Structures are given as C-alpha cells and as structure tokens.
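One structure below.
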Protein chains: 2
Amino acid sequence: MSPQQTRTRATAQGAAVRDALRAEDGFRSAQSVYAVLRADGQKIGLSTVYRHLQAFTDDGVVDVIHNPDGETVYRFCGDTPGGHHHHVVCRSCGRAEEVEGSAVERWAEQTAAKAGFVDVDHTVEVFGLCPDCA
Amino acid sequence: MSPQQTRTRATAQGAAVRDALRAEDGFRSAQSVYAVLRADGQKIGLSTVYRHLQAFTDDGVVDVIHNPDGETVYRFCGDTPGGHHHHVVCRSCGRAEEVEGSAVERWAEQTAAKAGFVDVDHTVEVFGLCPDCA
DNA sequence: AACGGATTTGGGAACCGTTCTCATTAATGG
DNA sequence: CCATTAATGAGAACGGTTCCCAAATCCGTT
C-alpha cells in the first residue's frame with residue numbers, strides 16, 4: 001500500500017509541535033500548544049503550529065475532536081498508529097484515555113446500514129471529570 | 001429540582017425560529033436558519049435567531065451537535081422531549097434520523113466508570129451519505 | 001385608552017479561532 | 001557556493017458567534 005506521505009518534512013518546528021503534544025496526555029487546542037511553545041522560549045509562529053497540527057492529523061499521528069464547546073482540540077496518538085479508537089476525556093483538565101470501542105464500531109455500522117446510509121464515519125467521545133478533577 | 005425555565009417567552013420571532021427548524025428534518029446552522037427566514041420575508045435579526053436557538057437548546061427542545069467541520073448545527077427534536085438520543089446524519093444534505101442507542105449509553109457509562117470518570121456525558125453521532133445523496 | 005416599567009429585538013461592533021498571503025529565511029542538492 | 005525549492009511566521013482576512021445598547025414591543029395597571 002502507498003504509505004500516506006507527510007505533508008511537511010521533519011523540521012525543528014514540526015518536532016517541537018509533536019513533542020509538545022506528546023508531553024501532554026490530553027487534548028489541547030492549537031492556541032494552547034502555541035502558547036506553551038512560546039512560553040518555552042521556542043521561536044515559532046501560530047501558522048506553523050496549525051500547519052503541523054494539520055499535517056499530523058492527515059498522517060493519523062494526531063487525533064482531532066471538537067469538544068462540547070466547539071473548540072478544535074488535538075492529541076498525540078502515535079502510539080496506536082492507524083488504529084481507530086475513542087477517548088474518555090476530562091472536561092476540566094483535558095486529560096484523555098484511549099478506550100476500546102469495537103462494540104461501538106459495530107453498532108455504528110449496523111445503525112447506519114439500517115438507515116440506508118453509506119460511506120459512514122462516526123464520532124464517539126465520552127466526556128467527564130477525571131479522578132483528579134472530581 | 002428547579003425546572004429549567006425558558007429564557008424567552010413565546011414571541012413571534014421565537015415561533016418563527018422553531019417552525020423553521022421543525023420544517024427541516026436535518027441539522028441546520030444558525031446562519032442557515034436566519035437566511036431561510038429572511039428569504040421568507042420575515043423580519044428578524046441574526047442575534048435573535050441565536051438567542052432563541054440557545055433558549056430552545058437549554059429547554060431541550062433542540063439538539064445541538066458540531067459536525068466534523070466544527071460548525072454548530074441545530075435540529076428540532078421536540079418530538080422526543082428530554083429523551084436522550086443520537087442521529088445518523090447525512091454529511092451532504094444535513095438530513096438526520098434519530099436512532100436508538102441504549103447499547104451505546106451503557107457502553108459509555110461503563111467505559112467512563114472503568115476509567116474512574118464521573119459526571120459523564122457523551123457525544124455519539126454517525127455521519128454518512130443518505131440514500132438520496134449517495 | 002393611556003401610561004410606565006419590563007422585556008425583546010436587531011443592527012452593528014467586538015471577539016476569537018482559523019486560514020490565507022506573501023516576503024523572508026532556511027534547507028537541499030547540484 | 002550558488003540556485004532552486006520548501007518552510008516559516010507576521011499580519012491581514014475571514015467566518016461564525018457573542019456582546020452592546022438604543023429603539024420597539026408587550027403587559028399589567030389605572
């Protein structure tokens with residue numbers, strides 16, 4: 001199979017974005033990643049952060065979801081490359097844990113098929129308060 | 001508990017917004033509702049549309065989701081008041097059908113509990129192409 | 001019917017996150 | 001070391017949503 005090509009080649013900024021995201025175990029907004037990098041003394045532009053975030057998303061290295069407030073948030077998920085999965089996300093600190101969801105996958109498939117829908121995709125995210133934030 | 005009170009009293013504009021939404025069987029954006037009303041000759045402001053959409057949402061008469069593009073879209077769901085449910089949404093025309101999801105509810109509950117999360121909420125939406133759009 | 005207080009309305013400004021533009025800078029390889 | 005190409009980042013542009021506030025409307029009371 002033709003491997004999905006990275007849109008940007010490995011650069012210092014790209015690595016910085018990836019590392020910043022990898023350092024967190026939760027979903028972060030682009031702005032927040034940018035803020036962290038700048039606070040860290042890194043020289044990087046907001047556009048670049050968005051660019052790499054997009055590229056990583058295209059590569060499947062980063063997961064994207066929209067939290068209940070509609071914000072776009074990203075998370076490093078390179079550990080389970082390609083593997084489709086879902087999360088339990090803390091709505092307070094953003095921390096997230098991957099969860100197994102094959103049952104949900106099947107349910108989504110069947111449900112959509114029953115309604116006659118094709119080319120199906122789905123969004124399944126569970127939000128709550130993690131033990132620490134509760 | 002104190003019942004969630006409607007934020008606005010029944011007004012002509014409120015009714016117009018509700019009717020516009022009820023007339024559609026899919027999720028629509030605030031802007032789109034506004035456009036339809038204006039095209040219909042109605043005198044109404046964008047702010048007012050947003051206001052009523054919010055009020056209806058608070059009252060549970062309208063469902064809100066963020067589609068994969070991050071847009072906020074609303075749907076009239078007064079038919080199943082209070083009843084928590086999910087949808088199969090056409091990503092092309094916005095048409096949506098309610099689906100039964102008690103299995104998913106249980107899965108979400110259990111999954112969150114297993115991770116030690118509390119005050120759990122979840123997002124489950126299935127997107128695809130409806131028979132007509134396929 | 002007329003008045004007065006409270007509520008709703010809506011136009012426009014403000015806001016915020018994201019995307020776009022493009023001149024500058026850095027990397028590549030010949 | 002030069003030339004070509006890709007990446008960068010500052011700021012402008014954009015689109016959706018919220019905020020602000022003066023004008024309009026509604027409602028209970030005389």
Side-chain angles (χ1 to χ4, degrees), chain A residues 4-21 24 26-59 61-75 91 94, chain B residues 4-21 24 26-59 61-75 91 94:
Chain A
Q4 188 69 17
Q5 211 58 33
T6 306
R7 267 165 174 64
T8 57
R9 97 182 39 202
T11 66
Q13 287 85 347
V17 170
R18 180 169 10 84
D19 293 347
L21 216 51
E24 302 284 345
F27 283 86
R28 304 290 166 205
S29 68
Q31 306 268 354
S32 139
V33 169
Y34 172 68
V36 166
L37 290 175
R38 292 308 284 256
D40 217 41
Q42 304 261 7
K43 286 220 175 32
I44 193 171
L46 184 54
S47 320
T48 305
V49 173
Y50 274 104
R51 245 191 313 258
H52 285 287
L53 247 19
Q54 298 248 77
F56 289 141
T57 299
D58 292 343
D59 291 348
V61 177
V62 160
D63 272 8
V64 188
I65 63 173
H66 293 103
N67 67 22
D69 294 335
E71 298 179 320
T72 306
V73 287
Y74 309 80
R75 179 177 195 248
R91 75 166 65 86
Chain B
Q4 188 69 15
Q5 211 60 33
T6 305
R7 266 158 174 70
T8 58
R9 103 180 36 202
T11 66
Q13 286 84 349
V17 171
R18 178 166 15 82
D19 292 347
L21 215 52
E24 302 284 345
F27 283 87
R28 303 290 166 204
S29 68
Q31 307 267 354
S32 140
V33 168
Y34 172 66
V36 167
L37 290 175
R38 292 307 285 257
D40 217 41
Q42 305 261 6
K43 287 221 176 34
I44 194 171
L46 184 55
S47 322
T48 305
V49 171
Y50 273 105
R51 244 190 314 257
H52 285 287
L53 247 20
Q54 297 250 80
F56 289 142
T57 299
D58 292 342
D59 291 349
V61 178
V62 161
D63 273 8
V64 187
I65 63 173
H66 294 103
N67 67 23
D69 295 334
E71 297 179 320
T72 305
V73 287
Y74 309 80
R75 178 178 196 247
R91 76 166 65 88

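In what follows, every chain begins at residue 1, and chains take the letters A, B, ... in the order their sequences are listed. Predicted, not measured: the structure shown is a model, and the values here were computed from it.
- Atom CG in B/L53 sits roughly 14 Å away from atom C1' in D/dT18 (whole-Å rounding).
- A/T72 contributes no side-chain N or O that forms a donor-acceptor pair with the base of C/dG17 under 3.5 Å.
- Atom OG1 of residue A/T48 and atom CG of residue A/L53 lie 11.5 Å apart, to the nearest 0.5 angstrom.
- Side-chain contact check for B/L46 versus B/Q31: some heavy-atom pair is nearer than 4.5 Å.
- For B/S47, whose side chain is taken as the heavy atoms from C-beta onward, the closest listed nucleotide among C/dG10, C/dT18, D/dG9 is C/dG10.
- Regarding A/I44, its CD1 atom lies at a distance of 6 Å from the P atom of D/dG9, rounded to whole Å.
- No donor-acceptor pair closer than 3.5 Å links the side chain of A/D69 to the backbone N or O of A/E71.
- Within 4.0 Å (heavy atoms only), B/Q13 reaches sugar-phosphate atoms of the nucleic acid but no base atom.
- Taking atom OH of residue A/Y50 and atom C1' of nucleotide C/dC16, one finds them 9 Å apart after rounding to whole Å.
- Between A/K43 atom NZ and C/dA26 atom C1' the separation is 15 Å, expressed in whole Å.
- Using a 4.0 Å heavy-atom criterion, one finds that B/S29 contacts no nucleic acid atom at all.
- Here the OH atom belonging to B/Y34 is positioned 4.0 Å from the CZ atom belonging to B/R38, to the nearest 0.5 angstrom.
- With C/dG17, D/dA7, D/dG9 as the choices, the nucleotide that has an atom nearest any side-chain atom of A/T11 turns out to be D/dA7.
- Spacing between atom CZ of B/R51 and atom C1' of D/dT17 amounts to 13 Å, rounded to whole angstrom units.
- Atom CG of B/N67 is separated from atom P of D/dG16 by 12 Å (rounded to the nearest Å).
- Distances shown here put every side-chain N or O of B/T48 at or beyond 4.0 Å from the OP1 or OP2 atom of C/dT9.
- Protein atom CD of A/Q54 is 16 Å distant from nucleotide atom C1' of D/dT8, rounded to whole Å.
- Considering only heavy atoms from C-beta on, A/V17 comes within 4.5 Å of A/F56 through its side chain.
- Atom P of nucleotide C/dT18 and atom CG of A/D69 are separated by 13 Å, given to the nearest angstrom.
- Looking at the side chain of B/Q31, the nearest of the listed nucleotides C/dG11, D/dG9, D/dG16 is D/dG16.
- The side chain of A/H52 places an N or O atom within less than 4.0 Å of a non-bridging phosphate oxygen (OP1 or OP2) of D/dT8.
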